[in-house]
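Take a look at the structure set out below.
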Amino acid sequence: MSSSEPAPLWDLPEPSRSASEPKASSPRAGKPAAAKTSAGRAKAAAKKAPSRKGQQQPAPELPVAKVVVDIPLAHLDRPFDYQVPDKLHEAAVPGCRVRVRFAGQLVDGYLVERTDTTEYERKLAYLERVTSSEPVLPASLHAVCRSVADRYGGTLSDVLRLALPPRHAKAEGEPAGEPAPEPDVPDVSAWTRYQRGPAFLDAVADGKPANAVWQALPGEDWPRRLAEAAAVAASCGRGAVLVVPDHRDLTRVHEACAAMVGEDAVVALIAGLGPAERYRRWLAVLRGTVRVVVGTRAAMFAPVADPGLFVVWDDGDDLHLDPHAPYPHVRDVLMDRAHATKSSLLVGGFARTAEAQLLVESGWAQAVVADRTELRTAAPRVTPVGEDFDVARDEAARVARLPAVAFEAARQAFAAGLPALVQVPRRGYVPGLACGNCRTPAHCRRCAGPLALPGGSVDGAPKPPACRWCGVPETAFRCQACGSVRLRAVIVGAKRTAEELGRAFPGVPVRTSGAAEVLATVPGRPALVVCTPGAEPVAEGGYGAALLLDGWALLGRQDLRAAEETLRRWMAAGALVRPASSGGRIIVGAEAGLSVVQALVRWDPAWHAGLELGQRRELGFPPAMRMASVEGTPDAVASVLDDLPLPDTGEILGPVPLGDFDDAGNASRERALVRVARPEGKTLAALLHDAAARRDARKAAEPVRIQLDPLELI
DNA sequence: ATCGTCATTTGT
DNA sequence: CAAATGACGATC
């Protein structure tokens, strides 16, 4: 039975015995590249039949190929030497894709170098074939990927999988276009609003490495500012890579860049393009036909020629963390690339992360920020609304349970012919509550706002329901309609909120933007624009008001970054509002005494980032310290930790159970954190890599997830 | 997956 | 004491 299956060609026995199979050698002998047909045939005939393998001659020069194999095992994370056969001498160029026999299997790999000699004591195997001579892994890209793998304690092959799109033969066959011409030097006068802004761009223009952390002013046309920076680099013949969190941002930055440096000089790299187009655009970058790359996180590896500038916008957005091993972060990869290539880095956003703050405080980067005078002309007026607020007197607004100031701010915006933005918690993020008996929506006894489950827990017990507007917990619910004490969860999304609010403003159209459908822009006319964080449309001419009603949900999260994240989302929405001088107002539903609210009122993200970083130092949390998480079954986690030599400053926290439990009540998965002082981060990564290597070599079945600088810590 | 190495078992 | 078998680890 089994004998009826034809063995694949490459499974034929190697040297001897094939004298009895005269045909074995001929079928694949015709290599299209050999071109000269008659000579090729004569040569093949001259070689007497037996397997071609034994007959292979090493290449006349540089016969050794260093090959990185595409196997994600940590103990095989190094190049292996192969012999280049005579026939592949021309094709086997550094950086090309190859196929090699590795441990009896044919595997894909990359040829990273041709050399004269090998350290290997035994006989080298030959390259099986060259998949294509396109040098997709040149030394520069190899170095980037190796460095990223080392930083995260991961393997090169894992990083290569993130950095190189799958090959598409048809796209590869198309000829490379002409390199785009150098664009004109752009007008960068808009950067004079920021201290050290012009100085930073001068450095980029002079090809001197400079690093900047930039907080954009409210209302800033930041895609255009980024395009100007990219154009500065491009105008002096350097490349630029700009990474933004999502597709919507990418569209804006891409348009701005195309207008600034020309359609042909910029390319958008984005997931979900389709294999051919994805590879085509990536090749255009590799071949140097475009100078400016705009993309989402995978573009952080874009092999742009002669890079002069790397940019990450809104580095606090968790989309910048790649969810695939070894979980690299855009900001950190771009820092590494900028450093390695002596080019510049720009970390921009409306808000500032604790990580960016550390770059500034350590002197690694300069703060590019506006002074208070500029800020005063740009910022909207911010009014916090805490627990004690007056519900609007207007009858319809009372029905919608809207605070009076919020109602008034929205009304003024509409009166001025402008839209108003309402930011509400993400749908499903927080379920709303209704009576378990009669299904009447459950309302707060204090302000009549809707009750919801905040999520998270205190001392192991789930948090009690709380009001969506004022945040007051409800510990003894009783239905107003039927007297039942039972509660049931209902989904209250942006849609429902929109309907409720809409009734308060008859005649004003209500638009929603959220997970289901994200609007890019809304016209500059009266409208109530209800959206979840991150989905705020840009309004033509700016919003007249923004109502930030999700503070209690954002701030209530059990997360080290809750405050930082809240300010980031508020500022992203608030930046779309007109300046106070033009009547722009922000109403934020949170206590005025909170520092995060103060930071919004004063529009001072740097101050808040300084506070955050100070707290992280006190707690010994990132980015003040470096952390790694080790996650898996209890046995697997224990085996890694037991095998991990701790650096001097090393400390293990946990392990703690992770959510799911088995029938016996034991955690099926655990997570431990390993903490070291920042200077030992590199050592920790190497030690974790080695521990993973020993584990892989033992062929351990249970997977362990090792992550450096994980975002979620609590 | 496959191959070589080295230790152990089995057959004289 | 030599040949056969098996466990293990490297994998070019």
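Letters go in sequence order (proteins before strands), and every chain restarts at 1.
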Donor-acceptor list for residues 292-312 of chain A side chains, cut-off 3.5 Å, not counting sequence neighbours:
| residue | atom | partner | partner atom | Å |
| --- | --- | --- | --- | --- |
| A:Arg297 | NH1 | A:Leu319 | O | 3.0 |
| A:Asp306 | OD1 | A:Arg238 | NE | 3.2 |

Check residues 628-641 of chain A and write down every donor-acceptor pair under 3.5 Å in which the side-chain atom is one partner and the other belongs to a residue at least two apart or another chain.
| residue | atom | partner | partner atom | Å |
| --- | --- | --- | --- | --- |
| A:Thr633 | OG1 | A:Ala636 | N | 3.2 |
| A:Ser639 | OG | A:Ala636 | O | 2.9 |
| A:Ser639 | OG | A:Arg695 | NH1 | 2.7 |

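Partners of A:Phe80 by ring pair (Phe, Tyr, Trp, His ring centres under 6.0 Å), not counting sequence neighbours, listed by chain and number: A:Phe102. Every residue meeting the side-chain contact (heavy atoms from CB on, under 4.5 Å) condition with A:Glu113, not counting sequence neighbours, appears here in chain and number order: A:Lys66, A:Thr115. Not a single side-chain hydrogen bond (donor to acceptor under 3.5 Å, both in side chains) links A:Gln83 to another residue, sequence neighbours left out.
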Counting Watson-Crick and G-U wobble pairs with both distances under 3.5 Å, what is the dot-bracket string for DNA chain B, 5' to 3', using [ ] for crossing pairs and | for pairs to another strand? .||||||||||.
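Counting only residues at least two apart or on different chains, the side-chain hydrogen bond (donor to acceptor under 3.5 Å, both in side chains) pairs with a member in residues 319-328 of chain A are A:Asp322-A:His324. Counting only residues at least two apart or in different chains, side-chain hydrogen bond (donor to acceptor under 3.5 Å, both in side chains) contacts with residues 282-295 of chain A comprise A:Glu134-A:Arg287.
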Are there any protein N/O atoms within less than 3.5 Å of an N/O atom in nucleotides 9-12 of chain C, and if so, which ones and at what distance?
| residue | atom | partner | partner atom | Å |
| --- | --- | --- | --- | --- |
| C:dT11 | OP2 | A:Arg78 | NH2 | 2.8 |
| C:dC12 | OP1 | A:Ala103 | N | 3.2 |
| C:dC12 | O4' | A:Asp81 | O | 3.3 |
| C:dC12 | O3' | A:Asp81 | O | 3.2 |
| C:dC12 | O3' | A:Ala125 | N | 2.4 |
| C:dC12 | O2 | A:Asp81 | N | 2.7 |
| C:dC12 | N4 | A:Arg78 | NH1 | 3.2 |

